[in-house]
Structure formats: structure tokens, C-alpha cells
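Some notes on the structure that comes next.
Note that ligands are numbered from 1 as they come in the structure, with each ligand's atoms numbered from 1 the same way. Residues take their numbers from the sequence shown, with the count starting at 1.
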Amino acid sequence: MSIFTEEFNILELYTKQMNIYGDTGNSQILKKRMELYSLRSNILHYNIGDVFPTKVDIIVSGGGQDSSQMRVAEDLLSIKDHLKLHALNSTPMLVVCGMYQLFGNYFETSTGEKISGLSILDAHTVAQDKRLIGNVIASSNTFGTLVGYENHSGQTTLGAKATALAEQVSLGYGNDATSQTEGIIYKNVIGTYLHGPVLSKNPKLADYLINCAVTKRMGYEVQLTSNSVAKLDELVEQARKVAQKLRR
Ligand code: GLN
């Protein structure tokens, strides 16, 4: 089987409810980058009550208000087995803010509602009075400098064995107001508070998700290269330079 013939499926969860700050842009960016790598892909949308698709290569989902999270919570638990199996089988996933919170053990909202999560990510979230809002710059040992925008009341505590996506936040907050960590990574599942959409200015994250999907399909380690992507990333680097000069 050639990776260049059979299409890849990017599954976007709860496009209608979990899409604040343009987070559905993440699936568009993955599709465009895969095209530049000469890979064909489809963006599938999963919404409340839909049948979970059988062939999924990458899963993405965005942020949402507390009310949106409560609206999707019950349906999300109904597809828990599918998502847990994908996580265990190293399907690459990107979950942003509100969905990051719901992939953890629970999210306790600002009104004291406790929304059960999927427990795919070893973390829990409790809303605080102080909303964490503004530009974020964080340093990751694996992905380098990450830039984005955060807006959340929930503060996330990582489990003792959990691995942060970025170990040092230098502007803004990330997971919470004190740890100076941002996001989480577990197998090929990335949770992050970064909106933007996050993949627009963090190509290493986008390529990680794509390479994981191709590696899974091929059964051996693949690191894609492309002159077209390199050219695009010259422009992205200019945007990153501007982003790294931003203040809160
Ligand atoms: N409603 C959640 C919170 O306020 C998530 C917000 C978001 O997805 N930006 O923490």
C-alpha cells in the first residue's frame, strides 16, 4: 500500500460546539501540510449523535465555553472506548483547551459542576476565579518554542507520571497559574491550552501529528520532508518571530 494513494482521515470532534478561537483551523492546516507532502486527506466531522467513523488517522478537537463542554460531555463519554483504543494504538491526537480538559479525569466548572472526563490524559482541571487570558510563549524540550493564545478559567494539574508538552512557560500561564508548564503529551496525544489555531504558528506540532499518522500506517518510522513545506515554513517563521515579541 502506498501512503500516496490511500487517503488519510482527519477526524474533527464536535466541530459545532468545540471551535472557539478558530480551533477548527488545526484540521485545515493538517490537510494543507499533508497536501504539500503529496498526501491525500479528508476532514471528517463528528458531532453529537453521529456514528464514530471506522477509519481515522488523526483526531483533533478544539476549545469551548463551559456550556459547550457540558453539552458534549455525555456524548463524549459514549465514544470513550473508541478514543481510548485510538490513544492506546498511538493514533495522533490534538485536543485544545476545553477538549484537553475533557480528555483528563474531570473538569470542575466555575459554577461547581463536575464534568467527568475520559481519563485518557492523567490530569484534572478546576475552574478558578482568575481567567488566564493572553499571549503565551513556552519552551518544550521536544518541540522547541511554542507560541499561542490562552483564555481559560480552568487550571489543570498534571498527574505525577504525566509529561508536560512544554516544561517552561516564559510568557503567560499554560496549565495553571503556578507550575509554569503548558499542556501534556501522552503516547501520541497532545493536550494544549494554546489557541491560534495552535498549528498555524507551531509547525513542529503539525508535522509530529502527520509523521505519527504516516508511521502508524507504514509500520516503520517516517519523517517526511518537502521543499514546499520548507518554503511555507519560512513564512511561518516570520509569524513566529512576531509572536515571540508579543506581550500579554
Ligand atoms: N471553558 C473552559 C475554561 O474556561 C475551556 C475554555 C476554552 O476552551 N478556551 O477553562
| Which residue supplies the protein heavy atom nearest to atom 1 (N) of ligand 1, what is that atom called, and how far is it? | D66 OD1, 2.6 Å

| message | If we check side-chain hydrogen bond (donor to acceptor under 3.5 Å, both in side chains) with Y14, which of these qualifies: N19, D75, T24, D50? | response | D75

| request: Could you walk me through whether I190 and L205 pass the side-chain contact (heavy atoms from CB on, under 4.5 Å) test, one step at a time? | output: CA-CA 9 Å; I190 290 176; L205 290 183; 4.0 Å; yes

| Polar proximity ligand 1 side, V96 side, N/O cut 3.5 Å exclusive | no

| Verdict with supporting geometry, Q244 and T145, side-chain contact (heavy atoms from CB on, under 4.5 Å) | CA-CA 9 Å; Q244 291 174 65; T145 300; 3.6 Å; yes

| Any idea which atoms of ligand 1 are less than 4.0 Å away from a heavy-atom of G154? | 3 (C), 10 (O)

| said: Which residue and atom name correspond to the protein heavy atom nearest atom 2 (C) of ligand 1, and how close is it? | reply: Q69 OE1, 3.1 Å

| message | Take a 6.0 Å sphere around CG of N89 and say whether it holds more than 12 heavy atoms from other residues, nucleotides or ligands. | response | yes

| Test of proximity, S153 against ligand 1: N or O pairs below 3.5 Å | yes

| remark: If we number the atoms of ligand 1 from 1 as shown, the ones under 4.0 Å from a heavy atom of R131 are 4 (O)

| task | Mark the output for A127 as yes if a heavy-atom distance to ligand 1 is under 4.0 Å, and as no if none is. | result | no

| Should you measure from each heavy atom of N151, which atoms of ligand 1 turn up under 4.0 Å away? | 6 (C), 7 (C), 9 (N)

| request: Could you tell me whether some N/O pair between F107 and ligand 1 is separated by less than 3.5 angstrom? | output: no

| field | Main-chain N/O of V198 paired to N202 side chain as donor or acceptor, under 3.5 Å | value | yes

| task | Verify, without hydrogens or angle tests, whether Q101 (side chain) and H124 (backbone) share a donor-acceptor contact under 3.5 angstrom. | result | no

| Against heavy atoms of I20, which atoms of ligand 1 measure under 4.0 Å? | 7 (C), 8 (O), 9 (N)

| said: Could you check whether any side-chain N or O of H152 sits under 3.5 Å from a backbone N or O of G154, counting only pairs where one atom can act as donor and the other as acceptor? | reply: yes

| In ligand 1, which numbered atoms sit nearer than 4.0 Å to a non-hydrogen atom of G63? | 8 (O)

| query | Which ligand 1 atoms, with their elements, are less than 4.0 angstrom from a heavy-atom of G98? | reply | 5 (C), 7 (C), 8 (O)

| request: Look at the rings of F52 and H82 and say which category their plane angle falls in: under 30° parallel, 30 to 60° tilted, over 60° perpendicular. | output: parallel

| task | Output yes when the distance from some N or O of ligand 1 to some N or O of Q65 is under 3.5 Å, and no in every other case. | result | no

| query | Does T125 approach ligand 1 within less than 4.0 angstrom via side chain, backbone, both or neither, non-hydrogen atoms only? | reply | neither

| request: On the 0 to 90° scale, with breaks at 30° and 60°, tag the F143-Y208 ring pair as parallel, tilted or perpendicular. | output: perpendicular

| query | Is E150 in contact with ligand 1, taking contact as a heavy-atom separation below 4.0 Å? | reply | no

| remark: With heavy atoms and a 4.0 Å threshold, my read on which part of M18 contacts ligand 1 is neither

| Looking only at heavy atoms of Q101, does any of them come nearer than 4.0 Å to an atom of ligand 1? | yes

| message | One pair to check against side-chain contact (heavy atoms from CB on, under 4.5 Å): L76 and L83. What are the steps and the verdict? | response | CA-CA 9 Å; L76 181 63; L83 295 173; 3.7 Å; yes

| Interfacing atoms of ligand 1 (cut-off 4.0 Å, heavy-atom, G64) | 1 (N), 2 (C), 5 (C), 6 (C), 7 (C), 8 (O)

| query | Which of these, Y21, Y149, Y100, sits in a ring pair (Phe, Tyr, Trp, His ring centres under 6.0 Å) with H195? | reply | Y21

| Looking only at protein heavy atoms, which one is nearest to atom 7 (C) of ligand 1, and how far off is it? | C97 SG, 2.8 Å

| Cation over ring, R217 on F8, under 6.0 Å and within 45°? | yes

